[in-house]
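Quick caveat: nothing in here was measured; it's all calculated off a predicted structure. Indexing begins at 1, ligand by ligand and atom by atom, following the structure's order.
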Amino acid sequence: MSILVTKSSIPPFEEFIEEIAPLWDTRWITNMNVKHQELEQQLISFMEIENISLFTNGHLALESLLKALGLEGEVITTPFTFVSTTHAIVNAGLTPVFCDIDPLTYTIDVHSIESLITDKTCAILAVHVYGNVCDVEALEYIGKKYDIKILYDAAHAFGVSYKGKGIGSYGDASMFSFHATKVFNTIEGGAIATHDEHLKEILEKIKNFGINGPEDTVLVGINAKMNEFQASMGICNLRHIDEYITKRQRVVETYNSFLSSINGIKLQPDQKNVVSNYGYYPIVIDGFYKEREEIVKQLNEKDIFPRKYFYPLTSEMSCYKQKYSSGKTPVALSISEKILCLPLYPDLHYEEVEKICGIILES
Ligand SMILES: *Cc1c(COP(=O)(O)O)cnc(C)c1O
């Protein structure tokens, strides 16, 4: 069987059936009913955050967040991410301004931000890419100094904590994705975590057409509600999340045992004060005796499919490349040309990791 870069975590079949069975009695299968409410409460506690607003996917959560804040102008962000981050900014009527990344963590380079700030800058949208934590302290300082919002694309960072606090408690708000490929999934799904109760109330309206009670609509919203089946999947997966993360950690440690002292292969840094979710296993192939393309080809021949996340940069995609120059983010450009995400999911076996590393290392 093929080994893909990831495999969705799902609970035992019977457990899910038991969770959804009551929906056949209530016939209330969407519009924020009991499963939705239950998942919200469980997530607030698990993620150590104050408020959460659930969405049908992470992308619409992010777009809704940018709209809810009433932002106008430029948003400083990075091109080393999934296109969703950049699309959300553009779809919200804002202009992305690309900042380079830190060569060790691949998160926004806080030393390059201030030179990009103009009188049009309204926010920074930083990405906790691969679950690596951005320099949240420096970002908070910049946010206060210039009176701009600090927002996080935390799509990769479910279950991550920093200095003993849930990662979603930093900044003005954070978007999480619960897509099937992420560490925690609700099939498709997403959320905004924020300490701002007023923002949460606006998000609740936006995701439900802007409706406020049966006879009035107070803002021009969309439909981005999480349904009861998605929430049920979330409730089941959350019961197993510790087990998923522990198993991922074991896979990461196995990879490390094979790859940690190889010339020309650079691994993720161990970040201080961070509890990881072991979401991704990116390697940077730089000065190794084989090129990235050759490794990909050799793995593909054995039915193993790593992914070049994130290559190309979002600023290199056809829909953006006329407008942006990737030469302005040289570190991001260079990393994107050398990065490779190896397969990683909870039940990837020791022997499979051994095989993958064997192929990478063989001459
Ligand atoms: C997955 C992802 C998203 C979008 O989330 P969806 O739930 O798939 O809509 C946004 N940003 C990043 C970095 C992602 O990986």
Student: Against ligand 1, does Gly189 come closer than 4.0 Å with any heavy atom?
Tutor: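 Yes, Gly189 has a heavy atom closer than 4.0 Å to ligand 1.
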Student: Please work out which of Ala155, Gly58, Ala180 has its closest non-hydrogen atom nearest to atom 12 (C) of ligand 1.
Tutor: Ala155
Student: Less than 4.0 Å is my threshold; does some heavy atom of Glu188 fall inside it relative to ligand 1?
Tutor: no
Student: Provide the number and element of each atom of ligand 1 under 4.0 Å from a heavy atom of Ser177.
Tutor: 1 (C), 5 (O), 6 (P), 7 (O), 8 (O)
Student: Within a distance under 4.0 Å of any heavy atom of Thr81, pick out the atoms of ligand 1 and give their elements.
Tutor: 13 (C)
Student: So between His156, His179, Lys182, His59, whose heavy atom ends up nearest atom 2 (C) of ligand 1?
Tutor: Lys182
Student: Does a salt bridge link Glu351 with Lys355, judged by any charged N lying under 4.0 Å from a carboxylate O?
Tutor: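 No salt bridge links Glu351 with Lys355.
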Student: For the residue pair His87 and His59, does the interplanar ring angle fall in the parallel (under 30°), tilted (30 to 60°) or perpendicular (over 60°) class?
Tutor: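 Correct class here is perpendicular.
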Student: For Asp270, does the CG atom have more than 12 heavy-atom neighbours from other residues, nucleotides or ligands under 6.0 Å away?
Tutor: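 Open.
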Student: With a cut-off of 4.0 Å, which atoms of ligand 1 are near a heavy atom of Asp153?
Tutor: 10 (C), 11 (N), 12 (C), 13 (C)
Student: Does Tyr106 have its ring centroid less than 6.0 Å away from the ring centroid of His156?
Tutor: no
Student: Check step by step if side chain to side chain donor-acceptor pair (under 3.5 Å) holds for Asn256 and Tyr281.
Tutor: CA-CA 10 Å; Asn256 286 345; Tyr281 200 85; 2.6 Å; yes
Student: Given side-chain contact (heavy atoms from CB on, under 4.5 Å), test Val136 with Tyr152 step by step and report yes or no.
Tutor: CA-CA 10 Å; Val136 293; Tyr152 293 104; 3.3 Å; yes
Student: For atom 4 (C) of ligand 1, what's the nearest protein heavy-atom neighbour? Residue, atom name and distance, please.
Tutor: Ser84 OG, 3.6 Å
